[in-house]
Amino acid sequence: MPELSPFHLAFPVHDLATARAFWGGVMGCPEGRSSDHWVDFDFFGHQIVAHLTQQRSDAHENPVDGHGVPVPHFGIVLSMAEWQDLADRLTAAGTAFKIAPYIRFKGQPGEQATMFFTDPSGNAIEMKAFADRSKLFATS
């Protein structure tokens, strides 16, 4: 698999101090540059930016594997060990999961660990890990 380029994602938050506590504290993402209106975070080697705004987007849900998956959402594919460590950390922090950590597509090429939750501003996040990362885009 070729080396991946870091992605950049900007997303809305309603309070920068709360965003710092969640993204920096609970999620363990180191803080980068910031201003009075935004904060950069190192999201597992990718740049995400929390932008202060009062505007919210209406989330929707699509059915996947018997669950209502929030749309839009973002996240990252971790190793199984990193995923389990994060699931344990989020559980210990009292995170209210939209979809609690579990294994989906068990025994299929796309078998994966997944969990969905929101940050304090309501941004939906999916964190996942594949049993076999080479099957990330497998169709069968």
Side-chain angles (χ1 to χ4, degrees):
M1 190 179 279
E3 182 179 340
L4 296 176
S5 296
F7 70 79
H8 166 83
L9 175 72
F11 58 97
V13 299
H14 65 269
D15 181 88
L16 291 179
T18 303
R20 281 183 164 107
F22 178 78
W23 289 102
V26 176
M27 293 294 291
C29 298
E31 186 174 323
R33 292 177 301 277
S34 66
S35 81
D36 292 340
H37 303 284
W38 53 267
V39 180
D40 282 350
F41 293 99
D42 178 345
F43 184 61
F44 302 92
H46 302 279
Q47 183 191 47
I48 61 172
V49 186
H51 282 271
L52 186 60
T53 181
Q54 295 307 313
Q55 193 172 23
R56 295 190 185 252
S57 63
D58 292 330
H60 302 282
E61 291 185 353
N62 281 339
V64 176
D65 195 33
H67 295 279
V69 171
V71 178
H73 67 263
F74 69 95
I76 196 134
V77 178
L78 301 172
S79 71
M80 279 292 189
E82 290 172 314
W83 182 89
Q84 188 61 61
D85 288 346
L86 180 59
D88 293 344
R89 192 165 64 242
L90 290 168
T91 299
T95 300
F97 291 98
K98 292 277 191 190
I99 300 174
Y102 81 106
I103 305 295
R104 69 199 245 195
F105 310 128
K106 189 96 173 144
Q108 299 177 41
E111 180 177 327
Q112 61 193 264
T114 188
M115 61 181 138
F116 285 83
F117 52 95
T118 59
D119 74 358
S121 291
N123 295 297
I125 304 150
E126 178 185 18
M127 301 300 286
K128 60 170 66 177
F130 279 76
D132 179 353
R133 192 179 277 191
S134 73
K135 304 291 185 194
L136 182 65
F137 298 106
T139 59
S140 59

Participant: Side-chain contact, heavy-atom cut-off 4.5 Å: Val26 with Leu90?
Facilitator: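 The answer is yes; the side chains approach within 4.5 Å.
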
Participant: Atom CD in Gln112, atom CG in Leu136: separation rounded to 0.5 Å?
Facilitator: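 So the CD of Gln112 and the CG of Leu136 are separated by 8.5 Å.
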
Participant: Rounded to the nearest 0.5 Å, how far does CD of Gln84 lie from CG of Asp88?
Facilitator: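 Nearest 0.5 Å value for the CG-CD distance: 4.5 Å.
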
Participant: Please evaluate residues Arg20 and Ser34 with respect to the criterion side-chain hydrogen bond (donor to acceptor under 3.5 Å, both in side chains), reporting the C-alpha separation (whole Å), side-chain torsions for both, the decisive distance (0.1 Å), and the verdict.
Facilitator: CA-CA 11 Å; Arg20 281 183 164 107; Ser34 66; 3.2 Å; yes

Participant: Any pair with a residue in residues 107-135 that passes ring-ring contact (aromatic ring centres under 6.0 Å, His included), sequence neighbours left out, goes on the list, sorted by first then second residue, please.
Facilitator: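 Qualifying pairs: His73-Phe116.
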
Participant: Side chains of Thr95 and Arg89 only: does a donor on one sit below 3.5 Å from an acceptor on the other?
Facilitator: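 Side-chain D/A pair, Thr95 to Arg89: absent.
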
Participant: Closer than 3.5 angstrom, by distance alone: can the side chain of Trp83 be matched with the main-chain N or O of Met127 as a donor-acceptor pair?
Facilitator: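 Between the backbone of Met127 and the side chain of Trp83 there is a qualifying donor-acceptor contact (under 3.5 Å).
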
Participant: Got a second to check how far Arg33's CZ is from Asp40's CG, nearest 0.5 Å?
Facilitator: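 Reported to 0.5 Å precision, the distance equals 5.0 Å.
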
Participant: Kindly say whether Gly32 contributes a backbone atom to a donor-acceptor pair with the side chain of Asp42 at under 3.5 angstrom?
Facilitator: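 Not at all, since once roles are kept as given, no pair shorter than 3.5 Å links the two residues.
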
Participant: How many angstroms lie between atom CG of Leu52 and atom NE2 of His37, to the nearest 0.5 angstrom?
Facilitator: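 Interatomic distance, Leu52 CG to His37 NE2, rounded to 0.5 Å: 7.5 Å.
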
Participant: Give the cluster check for Val49 versus Leu16: same hydrophobic cluster or not, with ILVMFWY residues linked at side-chain heavy-atom distances below 4.5 Å.
Facilitator: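 Looking at the clustering, Leu16 is in a separate group from Val49.
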
Participant: Hey, are the side chains of His51 and Pro12 touching, using non-hydrogen atoms and a 4.5 Å cut-off?
Facilitator: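 Not in contact.
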
Participant: May I ask whether Val71 and Ile76 are part of the same hydrophobic cluster, defined by side-chain heavy atoms of I, L, V, M, F, W, Y residues being less than 4.5 angstrom apart, directly or through others?
Facilitator: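 No, no single cluster joins them.
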
Participant: Between Ile48 and Phe7, is any pair of side-chain heavy atoms under 4.5 Å apart?
Facilitator: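 The answer is yes; the side chains approach within 4.5 Å.
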
Participant: Any link between Ile125 and Phe11 through a network of hydrophobic side chains (Ile, Leu, Val, Met, Phe, Trp, Tyr) touching at under 4.5 Å?
Facilitator: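 Yes, because Ile125 and Phe11 connect within a single hydrophobic cluster, where side-chain heavy atoms sit under 4.5 Å apart.
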
Participant: Run the salt-bridge test on Glu82 and Lys128 with the 4.0 Å N-O cut-off and return the result as yes or no.
Facilitator: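 The answer is no: the pair does not qualify as a salt bridge.
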
Participant: Please test Asn123 against Ser121 for side-chain hydrogen bond (donor to acceptor under 3.5 Å, both in side chains), starting from the C-alpha separation and ending with a verdict.
Facilitator: CA-CA 6 Å; Asn123 295 297; Ser121 291; 4.8 Å; no

Participant: Linking I/L/V/M/F/W/Y whenever any side-chain heavy atoms sit under 4.5 Å apart, do Met115 and Met80 land together?
Facilitator: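 Unlinked, Met115 and Met80 end up in two clusters.
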
Participant: Check whether Phe44 and Leu4 end up in the same hydrophobic cluster, where Ile, Leu, Val, Met, Phe, Trp and Tyr are linked by side-chain heavy atoms less than 4.5 Å apart.
Facilitator: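 Hydrophobic grouping puts Phe44 apart from Leu4.
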
Participant: Working to the nearest 0.5 angstrom, can you tell me the gap between Ile103 CD1 and Phe105 CZ?
Facilitator: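 Atom-to-atom, Ile103:CD1 and Phe105:CZ are 12.0 Å apart.
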
